[in-house]
Amino acid sequence: MPPPDRRFAVSLFSRLRTAKGQANPFPIYEELRSGGDVVAAPWGGYLVTGFDLCDRILRSRDWLEPDARWREQQGSGTRWTAPSSREMSRTLPALNPPEHTRVRRSAGMFDRSTLREIGGTVERITTGLLDDLGERLRDGEADFNAVVSEELPIATIGHWLGLPTADFPRLRKLTHDQVFTQELLPSASQLAVSDAATAELRTYFMELVRHRRAHPGEDPVSRWIATWDTLESDRDKADEAVYYLALFVLLAALETTTTLLSTATLLLLEHRRHWDQLVVQPDLVPAAVEESLRYDPPTHVISRVSSRDCVLDGIEIRKDEMVHLMVGAAHRDPAKHKDSDVFDPHRKQAHIAFSGGIHYCLGAPLARLEAQTLLRQLTQRFPRLALVRRPAWAPRVAFRRLLNLDVALT
């Protein structure tokens, strides 16, 4: 087989990394899909754009997370051996079985009972944030992203973990900085920012674990400490395992959920007919959330490595070679969704916004709860809400983030 031609994707990714490309990457994804379901990536490895193939990889045990072992094999001086990357390799999303199974079972997380408990908190927080939004709208326009979307996830997860309210702004800022190490092609300066944020988050949560060990309560961190004391005889190792769980929960609960809240609101304001439908039919809110997750998911890229030599769509993939599942492109795959570029909450939903298989997102129920609660309250309280101007997007490819969402009442 001839060597893969990587030139096809070079110009596409150059455009994808521009402000225009980040604001609307979907025409670029369409061009990428024209090269087939599997395309050689400019920097090595492969890009997968077909929905069914992405879904199959996520569900297969033959495809692994780029874990600590894999990252170490990439050699020193690479983005995979940066301090922040090494730290992330110890968190739940980067683990493979059997360690993944052990840690996931210890986590517990958001079962029906926990969601019932959190539901009332989410309702109260949302009401308060929309009260604040209403006050600002009386004076004209307001940044919905800053007033609501950035605040609801940190308040929800912070309340659940029992964190001081005064720490919320700091943790939110550190999360925005830390996520660069999880990007597709982070620059050296972005990795430096992520390294610093990760170190600060480690200090914060290790202190939290030590405090909860000395003063246990009825909170998740205290429960994780009790659980890990039965799993790990070395107390320092047990405390570190709890720290990695707390770090994972914060990072998973903030960045992507914030993006979901803003993007869902933006899409409905841009597609006024569907917004007006929610005003009179709030039972349609869950479907609107799912279509938002399909149409423009918070995460546009998920990476996996092959556990063995294999063939994907006629292309040979070697053991330990990486593939990037282009989720944003796969969601617009016309072979999966008719009129895939149309925002339609009434379509039969199918998406991989929360990954799949053993790595299906533990926080998916909470993200859905927050988004559905927000849209129900928002459409009922502000039926005349309107978009003031097109928002700006953060300079990212894998993890979407709106920088602003300016709204007003008409």
Side-chain angles (χ1 to χ4, degrees), residues 109-134 137 144-145 147-149 151-153 155-157 159-160 253 256-298 331-332 336-354 356 360-387 402 405 407-410:
M109 298 293 180
F110 304 111
D111 56 17
R112 291 182 180 179
S113 175
T114 302
L115 286 175
R116 281 196 298 269
E117 294 175 9
I118 296 177
T121 301
V122 173
E123 288 281 357
R124 290 192 297 274
I125 295 170
T126 302
T127 299
L129 293 175
L130 293 185
D131 286 345
D132 189 13
L133 179 68
L137 290 173
F144 183 87
N145 192 61
V147 177
V148 179
S149 300
E151 297 293 338
L152 179 55
T156 298
I157 206 67
H159 181 274
W160 187 61
T256 53
T257 304
T258 293
T259 298
L260 170 60
L261 300 180
S262 283
T263 302
T265 302
L266 170 64
L267 290 172
L268 287 165
L269 292 175
E270 288 181 325
H271 299 83
R272 196 72 203 187
R273 176 170 62 90
H274 296 305
W275 173 278
D276 293 339
Q277 282 184 320
L278 297 190
V279 172
V280 297
Q281 292 180 276
D283 288 347
L284 295 176
V285 162
V289 171
E290 298 307 307
E291 176 65 349
S292 298
L293 287 163
R294 181 202 71 86
Y295 193 83
D296 192 351
H331 280 184
R332 303 288 185 99
K336 184 64 179 181
H337 293 292
K338 181 181 178 181
D339 299 323
S340 59
D341 287 329
V342 175
F343 180 75
D344 179 13
H346 299 285
R347 75 170 68 244
K348 183 178 179 181
Q349 291 298 334
H351 64 73
I352 50 175
F354 292 122
Y360 185 80
C361 178
L362 275 175
L366 181 59
R368 286 185 166 111
L369 174 65
E370 290 182 51
Q372 291 175 17
T373 301
L374 174 60
L375 289 184
R376 282 196 181 96
Q377 287 202 31
L378 183 64
T379 52
Q380 297 307 299
R381 293 185 58 177
F382 303 101
R384 295 184 297 107
L385 196 68
L387 189 65
L402 279 162
L405 184 57
V407 296
L409 295 177
T410 58

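Below, each value reflects all heavy atoms present in this structure, side chains not excepted, and no hydrogens, waters or symmetry copies.
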[Y] side chain reached by [X] side chain, heavy atoms, under 4.5 Å:
X	Y	answer
Thr373	Ile125	no
Pro286	Arg376	yes
Leu366	Leu369	yes
Leu374	Leu130	yes

Trp160: what forms a ring-ring contact (aromatic ring centres under 6.0 Å, His included) with it, not counting sequence neighbours?
Phe110
Check ring-ring contact (aromatic ring centres under 6.0 Å, His included) between His271 and all other residues, then give those that pass, not counting sequence neighbours.
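For His271, the residues satisfying ring-ring contact (aromatic ring centres under 6.0 Å, His included) (neighbours in sequence not counted) are Phe343.
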Enter the distance from [X]:[atom1] to [Y]:[atom2] here, rounded to the nearest 0.5 Å.
X	Y	atom1	atom2	value
Leu375	Thr379	CG	OG1	6.5 Å
Leu260	Leu152	CG	CG	10.5 Å
Arg368	Thr257	CZ	OG1	11.5 Å
Leu409	Leu137	CG	CG	4.5 Å
Leu261	Leu266	CG	CG	12.5 Å
Glu151	Thr156	CD	OG1	10.5 Å

Under the rule for side chain to side chain donor-acceptor pair (under 3.5 Å), what residues qualify as partners of [X], not counting sequence neighbours?
X	value
His351	Glu290
Asn145	Ser262
Arg381	Asp131

[X] to [Y] - nearest heavy-atom pair and separation:
X	Y	answer
Gln372	Val289	CG-CG2, 3.9 Å
Phe382	Leu133	CE1-CD2, 4.1 Å
Leu293	Pro298	CD2-CD, 3.9 Å
Leu278	Ala288	CD1-CB, 4.0 Å
Ala287	Pro345	CB-O, 3.4 Å
Leu269	Leu387	CD1-N, 4.2 Å

Go through the steps to decide whether Thr258 and Leu402 satisfy the test side chain to side chain contact (heavy atoms under 4.5 Å, CB included), and finish with yes or no.
CA-CA 9 Å; Thr258 293; Leu402 279 162; over 6 Å; no
Ignoring hydrogens and angles, tell me if any N or O in the side chain of [X] forms a donor-acceptor pair with the backbone of [Y] under 3.5 Å.
X	Y	answer
His331	Arg294	yes
Glu291	Asp344	yes
Glu370	Val122	no
Arg347	Lys338	yes
Trp275	Leu267	no

List the steps and the verdict of side chain to side chain contact (heavy atoms under 4.5 Å, CB included) for Leu115 and Arg112.
CA-CA 5 Å; Leu115 286 175; Arg112 291 182 180 179; 5.7 Å; no
So salt bridge (charged side-chain N to carboxylate O under 4.0 Å, His left out) across residues 272-283, not counting sequence neighbours, yields Arg272-Asp276
